[in-house]
Amino acid sequence: MRDFRWPPPPDGGPRTYGPGPTAPRTGRPALPEPVTELVTTPHGVRLERLVTGAGEPVTVFAHGLATGIAATRPLGSAVAGTKVFFQFRGHGRSDAPEGQWTYTDLARDLRAVADLAGATRAVGASLGAGAMCRLLAQSPERFERAVFYLPAVLDQQRSPAVRERLAELLDAVESGDIAAVAGVVSAEAPPAVRNTPAGWAYLRQRIDQLMRDGLAAGLADLPDQVAVTGAADLAAVSARALVIGCQGDDQHPVAVAEALAAALPHATLHVYDKPAVLWTNRSDLRDRISGFLNE
């Protein structure tokens, strides 16, 4: 059985063993991470931020659990105007306040970054989509347009599998064992790309960030939290919304996307037919998000 081994080869491609080609395989390396800044919010938590583009409108991008800015940048690659990417508390270089965190805290982080930048639009991925739900439940008119990409939670806790995977990642990062981190992170890419130059580039970049910045232990309780108490909390939301889900993703059940789209008064739902959308349908996803936000 052909497989790959850690650490990755220096030439950009996987080193296979067993039957099969053994010639060097090269691949384009991951781009260097851009320079970010720390901004102090009105609630006293410093958050890591990256601003790209220029002019109006201003769109804020909120990432998923245990990911970060790098994961949301592809979602904004064709979005016009100013784009503001940030790291929630406990991620990257952002502060990690003591105590248990809830979606109210995440909504506070999102609101602060959006207010500081004057953002009128927002894109939330997974955890970020949940934070945006909580923010809009509190302030239904805060955004003019909102994209919810792979929402993971609405008014019910996430599955035990999510909690187990997060605990495994937190333990691996805390141990400092790069191979252990690689083993967990490699599951984020679909099997077809894990042993390719693109897969190795993603793996390297993700591991570099995790080993450099770590993950706060406070994240462990977030899978037990819900974004809103019920769908009725979103009944007054005035924003035009695009909800994007996919079939076959146990981390982001399509039922959550369907429930969210039904709860929002002005929402359109699109469901992809297979998971790993950023790998399998990146061009369509980029066009769908930018087409909605650039209207």
Side-chain angles (χ1 to χ4, degrees), residues 41 43 45 47 59-68 71-72 75 86-91 94 97 99-115 119 121-143 145-163 165-166 216 218-246 249-271:
T41 65
H43 57 289
V45 178
L47 299 174
T59 306
V60 63
F61 292 77
H63 63 81
L65 181 61
T67 63
T72 51
L75 304 179
F86 77 101
Q87 310 265 40
F88 280 113
R89 62 184 61 205
H91 296 81
S94 294
Q100 186 181 54
W101 304 337
T102 67
Y103 276 90
T104 296
D105 298 309
L106 301 178
R108 189 175 292 122
D109 291 347
L110 173 57
R111 182 195 297 272
V113 173
D115 288 352
R121 301 173 179 210
V123 177
S126 190
L127 179 81
M132 191 155 57
C133 285
R134 178 63 64 89
L135 174 53
L136 289 173
Q138 298 167 341
S139 302
E141 299 180 353
R142 177 59 189 82
F143 296 117
R145 292 180 183 240
V147 177
F148 300 82
Y149 173 61
L150 301 184
V153 62
L154 192 58
D155 56 358
Q156 296 185 21
Q157 292 179 348
R158 301 182 71 174
S159 70
V162 175
R163 293 193 291 273
R165 182 191 171 278
L166 177 59
L219 300 177
D221 294 327
L222 285 175
D224 296 325
Q225 308 292 326
V226 295
V228 294
T229 57
D233 293 354
L234 301 173
V237 173
S238 60
R240 287 188 56 192
L242 171 62
V243 181
I244 299 174
C246 71
D249 185 342
D250 61 353
Q251 305 283 319
H252 309 93
V254 69
V256 175
E258 293 170 342
L260 175 57
L264 293 166
H266 312 289
T268 298
L269 172 67
H270 179 78
V271 177

Legend entry - Partner set under salt bridge (charged side-chain N to carboxylate O under 4.0 Å, His left out) for D115, not counting sequence neighbours: R142
Legend entry - Any side-chain heavy-atom pair of W101 and L106 under 4.5 Å: no
Legend entry - Minimal non-hydrogen separation, L75 against A125, with atom names: CD1-CB, 4.3 Å
Inset, instruction - Measure the shortest side-chain to side-chain distance between V228 and Y103 over non-hydrogen atoms and say whether it is less than 4.5 angstrom. - result: no
Inset, instruction - If a pair satisfies salt bridge (Lys or Arg N to Asp or Glu O under 4.0 Å) and one of its residues is in residues 228-240, list it, with sequence neighbours excluded. - result: R240-E295
Legend entry - Exercise: identify the closest heavy-atom pair between Q87 and G68: OE1-CA, 2.9 Å
Inset, instruction - Go through the structure and list residues passing ring-ring contact (aromatic ring centres under 6.0 Å, His included) with H63, not counting sequence neighbours. - result: F88, H91
Inset, instruction - Would you name the heavy atoms of L65 and L166 that are closest together and state the gap between them? - result: CD2-CD2, 3.6 Å
Legend entry - Partners passing side chain to side chain donor-acceptor pair (under 3.5 Å) against T72 (at least two apart in sequence or in another chain): none
Legend entry - Where M132 and G124 come nearest, the two heavy atoms and their spacing: CE-N, 3.5 Å
Inset, instruction - Not counting sequence neighbours, list each pair that qualifies as a salt bridge (Lys or Arg N to Asp or Glu O under 4.0 Å) and has a residue in residues 123-136. - result: none
Legend entry - Distance (rounded to the nearest 0.5 Å) between Q100 CD and L222 CG: 8.5 Å
Legend entry - Closest approach of A227 to C133 (non-hydrogen atoms, all atoms of both residues): CB-CB, 4.2 Å
Legend entry - Set of residues satisfying side chain to side chain contact (heavy atoms under 4.5 Å, CB included) with respect to S238, sequence neighbours excluded: E141
Inset, instruction - Tell me, please, which residues at least two apart from A112 pass side chain to side chain contact (heavy atoms under 4.5 Å, CB included). - result: T41, P42, H43
Inset, instruction - Report yes if the side chains of H252 and C246 come closer than 4.5 Å at any heavy-atom pair, otherwise no. - result: no
Legend entry - Spacing of CG belonging to D109 relative to CG belonging to L47, to within rounding of 0.5 Å: 4.5 Å
Please tabulate, for side-chain N and O atoms in residues 148-161, each donor-acceptor pair with protein atoms closer than 3.5 Å (sequence neighbours left out).
| from | atom 1 | to | atom 2 | distance (Å) |
| --- | --- | --- | --- | --- |
| Q157 | NE2 | D224 | O | 3.0 |
| R158 | NH2 | Q251 | O | 3.1 |

Inset, instruction - Go through the structure and list residues passing ring-ring contact (aromatic ring centres under 6.0 Å, His included) with F61, not counting sequence neighbours. - result: F85
Donor-acceptor contacts, no H, no angles, side chain residues 257-271, under 3.5 Å, sequence neighbours left out:
| from | atom 1 | to | atom 2 | distance (Å) |
| --- | --- | --- | --- | --- |
| H270 | ND1 | R288 | NH1 | 3.4 |

